[in-house]
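So that the names make sense, note that chain A is the first sequence line, chain B the second, and so on, each numbered from 1. Keep in mind that the numbers below use all heavy atoms, side chains included, and drop hydrogens, waters and symmetry copies. It should be emphasised that the depicted structure is a prediction, and the values quoted were computed from it without experimental measurement.
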Amino acid sequence: MMILKMKKEDLPAFLESAKEWGELWGPTTKDGKTSYAKVDSLSQMDLKATRTVIPPKKFLYPPRFTMFDFDEEGFVERTGDVPKRILFGLHPCDVHGILIMDKLFLETYKDPYYAERREKTLLLGHSCIPDDKCMCFATNTDFVAEGFDLFFTDLKMFYLVWVGSSKGHDLVRMRADLFSRNLDKNDILNYTEYRKWKTAQFKAKIDLTGMPDIFELGYNSPIWDELGEKCLSCGQCSMVCPTCNCYNVVDEVDLGTAEGTRDRFWDSCMFREYSVVAGGHNFRDKRADRLRLWYTHKLQAFIGEFGKPACVGCGRCVATCPVDINVATVSTALKEQEVGK
Amino acid sequence: MKKMCVVLEDREVQDNPFQPDMWRIVRRYPLTSDVNFYQARPVDVDEALKMNYMPGQFIMLSIPGEGEAPFCISSTPSRPGLLEFCIRRMGTLTSSLFDLKENQTVGIRGPYGNWFPLDKMEGKDIMIVAGGMGVAPLRSLLLYILDNRDKFGRVTYLHGAKNPGEMLFRDEFFQLKEREDLNCLLTVDKDDTGKWTERTGLITTLFKELGPIDSKNTYAAVCGPPIMYKFVMEHLVKLGIPKHQILMTLERRMKCGVGKCGHCAVEYLYTCIDGPVFSWWDVLHMKELIGRGASDKTIA
Amino acid sequence: MTELNVHSLARVEGHGGITVTLDGKKVKSVTLDIHEGPRLIEQLVRGMKPEDDVNTVPRICAICTLSHKFAAIRGMEKALGITPPEKAHLTRELMMLGESIESNSLHTMLLALPDFLGYPSAVAMLNDYTDDVKRALRLKKFGNHIMETTSGRIVHGENPIIGGFGKYPGKKALEDIKAKSHEMIPDVKRVVELFAGIEMPKYAEVDKDKVFMSVDAPKKKYHMYGDRTLISNGKDFDVEDYKKYTNERVVAHSFAKRSLYNEKTFMVGANARMINMGKRLGGEAADLLKEHYDKAWLRNPLYNDLAQAIELVWAMESLPEACDRVMAMDDPPHEQPTRLTGSGTGAVEAPRGTLYHHYELKDGLVDVADIITPTAQNLDDIEIHLKLTAERMLAEGKGTDEVRLGLETVARAYDPCISCATHLVTLKRA
Amino acid sequence: MTRPSPKIGVYGFTGCAGDQLMILNCEDQLVDLFGATEIRSFVMAKSDNHEAELDVALVEGSISTEAQLKHLKDIRERSKVLIAIGTCACWGGPQAMKLGDGKFEERYKKVYGNAKITVSKAIEGQPLDAFVKVDMKIPGCPIDKQEFLKSVSKLVAGKHPYLLKSPVCLECKWKENKCLLLDGKFCAGPLTKGGCGAVCPSHNLPCVGCWGPTDDLNVSAEYDLLKEKGFVPEEIITKIRKFGGSGVMELVKNLEKKEAKK
Ligand SMILES: Cc1cc2nc3c(=O)[nH]c(=O)nc-3n(C[C@H](O)[C@H](O)[C@H](O)COP(=O)(O)OP(=O)(O)OC[C@H]3O[C@@H](n4cnc5c(N)ncnc54)[C@H](O)[C@@H]3O)c2cc1C
Ligand code: SF4
Ligand code: SF4
Ligand code: SF4
């Protein structure tokens, strides 16, 4: 890994030059909500915001898009219309989220839509200030070593810039004058200090060790029914979670023709229709069963399969669910066999 | 329409796993009042022999404008060049399939999913238990075994249907009954025709006729309605067939067939890529595989 | 006794019919029957919070949805002691321009014009009047677009709320509307040209000047709302007194209620506005009114179509300034109520005439709601002109089909909104 | 393969005519729509209507007079597919917000007194499926242009329409709105069928529920949550019932029973 140093005031100039590669996108805050939006320059971004409503998955896998155009003769893939984009300001948890999505979409049966967008999107990470909802320390995603093209760690006067890919390196080379390789002892001390400081910021108390066993033991726990009674089935948790990938597919026809499109859009396992099969049988008719699937998938099944949870601790479910069902409350409830407030 | 090929910066996009190819329905006839039989060939004849599949696998079938759904392949790879399906009219896509005429085209992609572990099953005795629509995947296995008859031990085929009119491939199986190298037992829950010459009663009643079984040396493949599993499994386990040698194919809602859309997820498995063929042991320790309750109380 | 029926009155919003009862050769009566069922909305909103009322009552009618929304908000704001922020006010003016453009273009070009040109529908005109039909659709779409931009949706937008707006329209959207409005001036002028070129049949014409009512828009402007009502006889009254002038009654052949002024029928709508406020117009709209206005307007309701056409020009011409004024201001916070008990009446000109929403609130909940719609006010007047038309046409020996068409043309000229008429009005205060 | 153009009838009963208006609001597609179909009856749009056999009847509005009921039954008999369009036709609409409270007569009297009305006998507004078989519901107050066009396009092509079954919250999140429930606002999003594009929350305004109930709503959870946020039961119930009509009638009754027991 290559680590470079850059003066903080040089960031706008760097981003300006990076725009040559593609559109610049970054976190912006409007009407009290933060989202990734297209920007002209750094000044429009809000780098202090802890989390966007929707994670950057929306770039790699938009809420709704067309997979195919069809007519009676057959289906023609719709790719190639994706712009090149630079996403600036991704936090470590979001990069981890993308790494999990990569596993899903790029391994066995590569998804060409995801692959194309991934290819055309540069991920420029930025260090963050955790708030009381962040849980990345518990999911081991508070720092990140791969998955990004560049990663900027804010050390007050300087940025330390991790170069994570050859494309990231190309961006650096566009303004090589802004970067230096001369790291000294102070930089190391600063960085050590920064890590200590960051770790001290976490306020949420959550411990995810032993989750697979606790889920296994709690499979028939009445906790699920209690949570099921509270859940609104609104599906917000799935929309905001950086590792929720489920989708639905539907064909649309143009009026008066046999032509149309095959579209794909985000779905949630919290919805009743999700598991219904023809004839009406529903494998997860009860809300309790749907909730259990969601959390089992994040905190048990994925760990069993990949050795780490499918939760990156971003805290979006904490910030979103209107009835306080989230990774923190569910894991605690299961452990303590009591649904807390 | 011509296929577009998009060249990305670094490399060419690989084949699109969601891309359906067009196949022509060459035969279509009713098997029962609500199940049709379909035979399809690729529109592009060069593709005809390229479709490699194994018994137990499924494909995603689409009608442009109506949608896409998974269906088991009922034909056997030992007779290449075409695919066969039996499809029950259930909802939107399936009823549109019923409206299709011979010579019309559909989109097909696949094959997907795992398959019956033929390499392990070779040399073993085989017991196939099919109930109702369960024939769809099991016919593929049965025909494959019969086409490679010398590679397998004793083969028993048990098939149950509600009544004679509901029995899929009835004539085909009556012909198979003539074969010496196959023990083919057919039953209906109820004979409403008065002309039924085979057994009546639930499929489990056929187990009484099996005689001695070399259970450790037997692979069983089961497919049928959820209610059937419970009783059939009890019998098979009682017969002493090892749980990992009892195989079944399962159904879940699916939108992609390739482990992306999430709908068929069961714990850490996707029915579409880790299944649809599972062993009874999988089902026992994966509580959700056949739904809460079905396997809860079974400890055996 | 025989009857001549128009079973379903086509090309109007809602379900109505016309029955002409003949006694020998004499027309005994003509009734406009409203088949639309009762909805009892005013009863249903009792006990609701004001905010719930204002998202319920616009459902009385889809075409006048924003008029209902605006009238309800005005009534509620008065009752709650709220003075809306200036920007809210200006945005509401803008949304009313959108509704005028949408509704007037729909009514004149797509619903009324086929009558005069002898087609069963606008789509049937497509081959012979391709450009005009497309023009009409373009105008309607633009009106809808303004409604969507300001109110959030094409129909039943919830964005206008008591005390302000959920979200004010953005600069870019307003710039677009402004730019487009310049381009569409020729389109609206063409609508006037078409209707001015039609020789209005005289069957429905009365021999004395009719009475017309409309709001008196503030600041001597031509606009679609006001706190006083103008009567064409020179009188005017405070809208809070609306009841004295629009007293309602029930008739057997209809679920809609009727209004009379001084025991006589009166007319509301675009021609009433032109007659009462036409002098306030500026720009080309003023010129066009001057050019086409004549005494017959006071006696023949068919001129309502031409009045709507001229009003389209007014609305289109007003857009640039209306957009500029909204753009010039920062988004204000929502105004909050200063009291929870009180009453107020909001009067708004829906495209088809004056609409009153009166509320009495008690402890923050609706105690009384009274809504008087334009069509309800027009119904009696329509029947008078229908009768005249039937009598004259039959006397001239016209065939049944022709009489039917004549009757329909008259009824349609009022741009009646039958859903509006049947939302039902409270008879007795409970 | 050319299909014969389907014979379509568009009808309106008691409501605001917004759904028929939305059809006319498809300005860009209207000509195609009339071209791709044979519109046999559409009283709001044209005069030359003939009432005959139909492939598809699109029916707006709730049934609130006996004459309407008769007409509806006639339409049903002549139609292969009957589609309820708009929340009134699907659930009864605002006029059905107090459905089943037994006070319809009382309200009616307050409005009409004892006046005799001869057009037809009034009944409490109810959705179409209270009287006839409805093959599909396209709800919305009014229906969404896109959702409507997509459905009709599919019908014309001989395919089955697909409507979102999820609540408003789905599209609300796609629009990246912050949830209004978190701010203590009464948002009916989780109870309401999606398809509108989450317009209201995207304007910082709570969903008022005008699409009617979603496929799978947890009324009692929303009720508990709102009570916790300080809303009084009457207001919560009023808001839930405002557009829910027959779709929430039983749910609310159960809720009230549950509350009474507490
Ligand atoms: C591995 C597998 C093999 C199958 N093999 C056969 C077969 O050989 N013959 C047969 O008749 N049926 C088979 N099915 C079931 C078949 O897929 C459903 O009957 C079919 O999806 C119903 O679609 P529909 O559009 O008619 O029904 P609708 O109820 O209208 O379904 C709408 C959509 O829901 C999804 N869906 C509904 N039911 C199912 C289901 N059971 N499985 C997966 N997705 C579903 C589909 O995406 C479908 O497009 C199989 C299912 C699976 C999972
Ligand atoms: S489960 Fe919650 S905290 Fe974990 S990644 Fe998803 S939204 Fe973030
Ligand atoms: S867990 Fe919370 S966010 Fe998720 S569906 Fe239930 S109520 Fe909505
Ligand atoms: S604001 Fe309303 S519609 Fe949006 S997510 Fe929250 S509850 Fe759902």
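Comment: E66(D) does not engage K70(D) in a salt bridge, judged by the lack of any side-chain N to carboxylate O separation of less than 4.0 angstrom. With salt bridges taken as basic N to acidic carboxylate O contacts below 4.0 Å, none links K49(C) and D52(C). The pair D401(C)-R404(C) meets the salt-bridge criterion, since a charged nitrogen lies less than 4.0 angstrom from a carboxylate oxygen. Taking a cutoff of 4.0 Å between a charged side-chain nitrogen and a carboxylate oxygen, R59(C) and E158(C) qualify as a salt bridge. A salt bridge links R78(D) to D74(D): at least one charged side-chain nitrogen sits closer than 4.0 Å to a carboxylate oxygen.
The greatest number of non-hydrogen atom pairs below 4.5 Å with chain D, out of E51(C), R138(C), K134(C), is found for E51(C). Contact count against chain C (heavy-atom pairs under 4.5 Å) is highest for D28(D) among D28(D), D19(D), T238(D). Listed options K141(C), H156(C), E102(C) were ranked by heavy-atom pairs under 4.5 angstrom with chain D; first place goes to K141(C). Of the residues considered (E124(D), H203(D), E60(D)), H203(D) shows the highest number of contacts with chain C, using heavy-atom pairs under 4.5 Å. When each of C210(D), G125(D), C196(D) is scored by its heavy-atom pairs under 4.5 Å with chain C, the top score falls to C210(D). Comparing I154(C), T56(C), T65(C), L365(C) by how many heavy-atom pairs each has under 4.5 Å with chain D, the most go to I154(C).
Using a 3.5 Å distance cut-off with no hydrogens or angles, the side chains of S151(C) and N159(C) do not pair a donor with an acceptor.
There is no contact between F186(D) and chain C, counting heavy-atom distances below 4.5 Å. Heavy atoms closer than 4.5 Å to chain D are found in both the backbone and the side chain of N55(C). Contact annotation for I161(C): only side-chain heavy atoms (C-beta onward) come within less than 4.5 Å of a heavy atom of chain D. In this structure, chain C has a heavy atom under 4.5 Å from the side chain of C200(D), while its backbone stays farther away. With a threshold of 4.5 angstrom between heavy atoms, L126(C) approaches chain D through side-chain atoms but not through N, CA, C or O. With a threshold of 4.5 angstrom between heavy atoms, V155(C) approaches chain D through its backbone and through its side chain.
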Q: Decide yes or no on side-chain contact (heavy atoms from CB on, under 4.5 Å) for L24(D) and L110(C), but give the supporting numbers first.
A: CA-CA 10 Å; L24(D) 296 177; L110(C) 300 175; over 6 Å; no
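The heavy-atom pair separating I237(D) from E256(D) by the smallest distance is CD1-OE2, 3.6 Å.
Counting only heavy atoms from C-beta outward, the side chains of S202(D) and C172(D) never approach each other to under 4.5 Å. Using a 4.5 Å heavy-atom threshold, the side chains of Y223(D) and K227(D) count as touching.
Of the candidates E51(D), M44(D), Q20(D), E51(D) is the only one forming a side chain to side chain contact (heavy atoms under 4.5 Å, CB included) with Y11(D).
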Sequence neighbours excluded and cut-off under 3.5 Å, please list the side-chain donor-acceptor pairs for residues 142-149 of chain D, or say none.
from: D144(D); atom 1: OD2; to: Q146(D); atom 2: N; distance (Å): 3.0
from: D144(D); atom 1: OD2; to: E147(D); atom 2: N; distance (Å): 3.0
from: K145(D); atom 1: NZ; to: N25(D); atom 2: O; distance (Å): 3.0

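Separation of atoms NE2 (H145(C)) and CD (E148(C)) is listed at 7.5 Å; rounding is to 0.5 Å.
Contacts from residues 84-95 of chain D to chain C, taken as heavy-atom pairs separated by less than 4.5 Å, involve C88(D), P94(D), Q95(D) in sequence order. Contact residues of residues 32-41 of chain D toward chain C are F34(D) (heavy-atom distance under 4.5 Å).
For D128(C), the side chain to side chain donor-acceptor pair (under 3.5 Å) test picks out Y119(C), with sequence neighbours left out.
Between F13(D) and H71(D), the ring centre distance stays below 6.0 Å.
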